[in-house]
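For reference, the structure is listed below as structure tokens.
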Amino acid sequence: MKIRFLGTSHGLPEANRFCSSTMIEVNGAVYVIDAGGPLLDMLLKAGKTPLDVKGIFITHAHADHMAGLYGFLDTVNWYYKQASVKIFMPEQKVCDLLSELLEFVGNRPVDISRICWEIVREGMFYEDENIKITAFPTAHLKKLGRPSYGYCVEAEGKKVVFTGDLSQWLEEDDYPKAATSQETDMVICEFAHFTPEQIEVYMAKTKTKQFWFNHVGLSKKFDRFEAIREMEKKFSYPVHIACDGDEIEI
Ligand SMILES: [Zn+2]
Ligand SMILES: [Zn+2]
């Protein structure tokens, strides 16, 4: 499978980083984890169109993980009429609000035979001929009483763990067990809500072939990029910083 980082920024976009979105390609089919940046534009830049996209999997309903959905779906609704896409969202209310917005602004009904909303459930919730996706809850929105997830993606005999956004300071101990209880091929971890010391405790228990940080936040107290560079020799696996456009074949 091929992983392409479409957007790697945290809560704020930056001049050279769109907000979080990652494309997975298996046998020519495209799956997208989060859609924080302008999804359609980013896909076109990667040589893809909505016709290639089978599923979009949102980890949680924060704008930096889903703001690009609206433009993508509006275009699918009125222009890419051969496209058919499933959108997995943790909360029904967000599906309803976005559908209403699409209908109102587009002045046409949403074609629900092609734009299909589904709610993410804990455990294995998506499987097709290419890929299997399992959701595990994180505590990122626990204080608000709302759900958030990380995902384990399996395809072609490989396993990739996406942490999604985690709890502040990792105080809820929600770093994914999927990354520590088994050997994986790749871990893609956020780095906006905790210190290097806090994440290193979990990295020491992680069994993977490569570890990538995305969603790297800015901190007034320390340089997160510098902190990652200092981690590079501490672990048995390589540690990388994801940049927009990076593509990895695993
Ligand atoms: Zn975020
Ligand atoms: Zn968030």
Side-chain angles (χ1 to χ4, degrees), residues 3-24 31-39 42 56-72 87-95 97-98 119-120 122 133 135-153 160-176 178-179 186-196 198-199 202 211-225 227-228 240-246:
I3 310 269
R4 184 182 169 101
F5 292 103
L6 301 174
T8 59
S9 197
H10 50 105
L12 293 168
E14 293 175 8
N16 57 353
R17 294 198 288 166
F18 286 126
C19 287
S20 288
S21 185
T22 309
M23 179 179 108
I24 300 165
Y31 306 84
V32 177
I33 308 285
D34 283 333
L39 181 58
M42 298 190 297
I56 301 174
F57 306 85
I58 304 297
T59 58
H60 65 290
H62 267 164
D64 59 322
H65 297 258
M66 53 160 271
L69 260 188
Y70 169 74
F72 175 87
I87 309 105
F88 289 83
M89 181 66 78
E91 291 170 279
Q92 183 66 49
K93 183 171 183 178
V94 181
C95 308
L97 290 168
L98 264 172
I119 304 302
V120 180
E122 183 176 354
I133 306 185
F136 46 86
T138 74
H140 180 57
L141 301 180
K142 189 181 171 191
K143 290 193 174 106
L144 302 173
R146 293 173 50 200
S148 60
Y149 294 95
Y151 295 134
C152 181
V153 174
V160 180
V161 172
F162 290 78
T163 66
D165 280 10
L166 299 167
S167 56
Q168 192 74 34
W169 315 130
L170 294 170
E171 61 193 4
E172 298 288 341
D173 192 26
D174 56 344
Y175 181 82
M186 186 173 183
V187 172
I188 299 172
C189 184
E190 69 115 326
F191 193 24
H193 297 99
F194 35 80
T195 65
Q198 285 161 341
I199 190 64
Y202 293 95
F211 192 103
W212 287 73
F213 278 111
N214 75 345
H215 197 276
V216 179
L218 301 175
S219 168
K220 287 191 182 95
K221 295 191 184 118
F222 60 95
D223 181 338
R224 288 178 183 273
F225 291 93
I228 295 170
H240 304 281
I241 301 169
C243 298
D244 290 22
D246 281 353

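Reckoned from all heavy atoms, side chains included, excluding hydrogens, waters and symmetry mates. Ligands are counted one by one from 1 in listed order, and the atoms in each one are counted from 1 as well. Residue numbers start at 1 and run along the sequence shown.
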List the residues meeting side chain to side chain donor-acceptor pair (under 3.5 Å) with Gln168, not counting sequence neighbours, and say none if there are none. none
Which residues share a side chain to side chain donor-acceptor pair (under 3.5 Å) with Glu122, sequence neighbours left out: none
Do Phe57 and Phe88 have ring centroids that are under 6.0 Å from one another? yes
Is it true that Asp64 and Ser20 share a donor-acceptor pair across their side chains at a distance under 3.5 Å? no
Going by chain and residue number, what protein N/O/S atoms come nearer than 2.8 Å to the Zn ion (ligand 2)? His60 NE2, His62 ND1, His140 NE2, Asp165 OD2
Listed once per pair and sorted, the salt bridge (Lys or Arg N to Asp or Glu O under 4.0 Å) pairs that draw on residues 11-20, sequence neighbours left out: Glu14-Arg17
Just by modelled atom types, is the Lys93 backbone N or O under 3.5 Å from a matching donor or acceptor in the Glu91 side chain? no
